[in-house]
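Here is the structure we will look at, set down as structure tokens.
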Amino acid sequence: MRRPPPRPSPRSDPLQLIYSPLSPFARKVRVVLAEKGMEDRVEMVAANPWEDPESLTRANPISQVPTLILDDGSALHDSPIICAWLDAHGDGQRLIPDGEAQWAVRRLEAVCDAIMETGVKLRQEEMRPEGERSSTHPVRWARTIRRAFDDLEAEGPGGDLNLGEIALVCALEYIDFRAPYLNWREGRPNLVARHGALASRPSLRATAPA
Ligand SMILES: N[C@@H](CCC(=O)N[C@@H](CS)C(=O)NCC(=O)O)C(=O)O
């Protein structure tokens with residue numbers, strides 16, 4: 001009996017995640033990797049995006065982390081897209097629900113990403129030499145972040161496992177790490193409960209900024 005010809009072996013190149021350890025956006029992706037049971041499929045490549053390393057700019061001209069290189073060599077960037085791709089391709093519970101329910105989750109993710117972006121800008125401003133710092137931008141950015149906290153507080157306790165709530169924990173803990181003086185816990189019991197509902201998950205503990 002003739003044997004069937006060997007099939008071409010499926011591509012088994014691992015995915016590569018270019019990240020920096022303290023990036024809150026990369027943290028969100030690392031949490032999703034863990035929640036979706038995909039850590040073994042991904043090679044982690046640390047990079048400093050501010051130095052425009054060639055390994056990063058080749059995949060992402062914007063030179064930002066996180067960037068995910070897929071097994072066909074193409075790259076995804078922007079954490080919402082990476083997280084959505086992982087959610088669609090990994091195992092376990094969907095972190096972005098189907099149908100109409102997805103919009104509340106995506107909206108929450110967007111608000112929390114904006115808090116992180118504003119927090120990163122605050123941090124960058126603080127890193128500038130004293131004479132070059134703006135006296136107005138940080139005040140406005142701090143006000144923006146506080147306003148977003150108040151808005152989230154008004155939504156109630158929340159705390160389901162989904163991408164929006166994961167982004168919330170990443171955003172709150174990034175602010176704890178970089179701008180603790182914004183003290184999101186004070187007078188915001190719902191935010192405290194919401195944070196507490198997910199914060200002790202292994203995926204979040206293993207990636208906490210320190
Ligand atoms: N919208 C992007 C933001 C990513 C981002 O700002 N990453 C920062 C690190 S926390 C970065 O790579 N900054 C380098 C730069 O902007 O040049 C995402 O969601 O992934």
Side-chain angles (χ1 to χ4, degrees), residues 15-36 38-39 42-70 74-90 95-96 102-129 132-134 137-138 140-142 144-145 148 152 162-180 182 184 203-204 206-210:
L15 306 170
Q16 275 189 346
L17 181 69
I18 309 180
Y19 77 108
S20 67
L22 295 179
S23 163
F25 304 98
R27 182 185 181 199
K28 199 174 51 149
V29 171
R30 288 156 64 209
V31 171
V32 170
L33 278 176
E35 293 292 345
K36 299 295 289 185
M38 296 178 85
E39 283 168 307
V42 179
E43 182 189 339
M44 304 293 290
V45 180
N48 180 349
W50 306 102
E51 291 174 353
D52 302 332
E54 211 256 330
S55 54
L56 175 58
T57 55
R58 209 181 324 122
N60 176 358
I62 311 303
S63 192
Q64 284 191 335
V65 293
T67 292
L68 182 71
I69 303 181
L70 302 181
S74 63
L76 293 179
H77 47 95
D78 242 42
S79 58
I81 296 175
I82 298 175
C83 290
W85 189 93
L86 295 173
D87 192 36
H89 289 82
L95 299 175
I96 305 172
Q102 73 179 285
W103 303 116
V105 170
R106 290 182 189 270
R107 176 196 163 275
L108 176 58
E109 182 192 19
V111 171
C112 297
D113 283 358
I115 292 173
M116 295 190 237
E117 266 157 35
T118 312
V120 169
K121 285 194 285 194
L122 260 181
R123 166 74 181 164
Q124 282 176 277
E125 195 65 27
E126 284 166 6
M127 301 282 286
R128 285 156 69 98
E132 291 178 22
R133 284 184 213 155
S134 161
H137 288 336
R140 176 164 180 264
W141 292 331
T144 300
I145 292 174
L152 293 166
N162 63 46
L163 183 58
E165 299 289 339
I166 288 171
L168 181 80
V169 176
C170 293
L172 294 175
E173 293 186 1
Y174 183 73
I175 296 298
D176 276 342
F177 183 61
R178 291 301 196 200
L182 291 176
W184 57 266
S203 60
L204 282 152
T207 54

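Just so you know, ligand 1 is whichever comes first in the structure, and atom 1 is the first atom listed for that ligand.
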For residues Leu17 and Val45, determine if any side-chain heavy atom of one lies less than 4.5 Å from a side-chain heavy atom of the other.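 No, their side chains stay 4.5 Å or more apart.
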
Determine, step by step, whether Asp52 and Ser63 satisfy the side chain to side chain donor-acceptor pair (under 3.5 Å) criterion, reporting the C-alpha distance in whole Å, the side-chain angles of both residues, the deciding distance to 0.1 Å, and the verdict. CA-CA 6 Å; Asp52 302 332; Ser63 192; 3.2 Å; yes

If the condition is side chain to side chain donor-acceptor pair (under 3.5 Å), which residues does Glu126 pass it with, not counting sequence neighbours?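 With neighbours one apart ignored, the set is Tyr181.
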
Scan side-chain atoms only and decide if Thr207 and Arg30 contain a donor-acceptor pair under the 3.5 Å cut-off.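 There is no such pair (donor and acceptor under 3.5 Å, judged by atom type) between the side chains of Thr207 and Arg30.
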
So does Arg133 have more than 12 non-hydrogen atoms from other groups sitting under 6.0 Å from CZ?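 Yes, because the 6.0 Å sphere around CZ of Arg133 holds more than 12 heavy atoms from other groups.
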
State whether Glu109 and Arg106 are salt-bridged, where the test is any N-O pair (Lys NZ or Arg NE/NH1/NH2 against Asp/Glu carboxylate O) under 4.0 Å.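 Salt bridge: no.
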
Identify the protein atoms, limited to N or O, that lie within less than 3.5 Å of an N or O atom of ligand 1, and list each pair with its distance to 0.1 Å.
from: ligand 1; atom 1: 1 (N); to: Asp78; atom 2: OD1; distance (Å): 3.1
from: ligand 1; atom 1: 6 (O); to: Gln64; atom 2: NE2; distance (Å): 3.4
from: ligand 1; atom 1: 7 (N); to: Val65; atom 2: O; distance (Å): 2.9
from: ligand 1; atom 1: 12 (O); to: Val65; atom 2: N; distance (Å): 3.0
from: ligand 1; atom 1: 16 (O); to: Gln64; atom 2: NE2; distance (Å): 3.0
from: ligand 1; atom 1: 19 (O); to: Ser79; atom 2: N; distance (Å): 3.2
from: ligand 1; atom 1: 19 (O); to: Ser79; atom 2: OG; distance (Å): 2.7
from: ligand 1; atom 1: 20 (O); to: Ser79; atom 2: N; distance (Å): 2.8

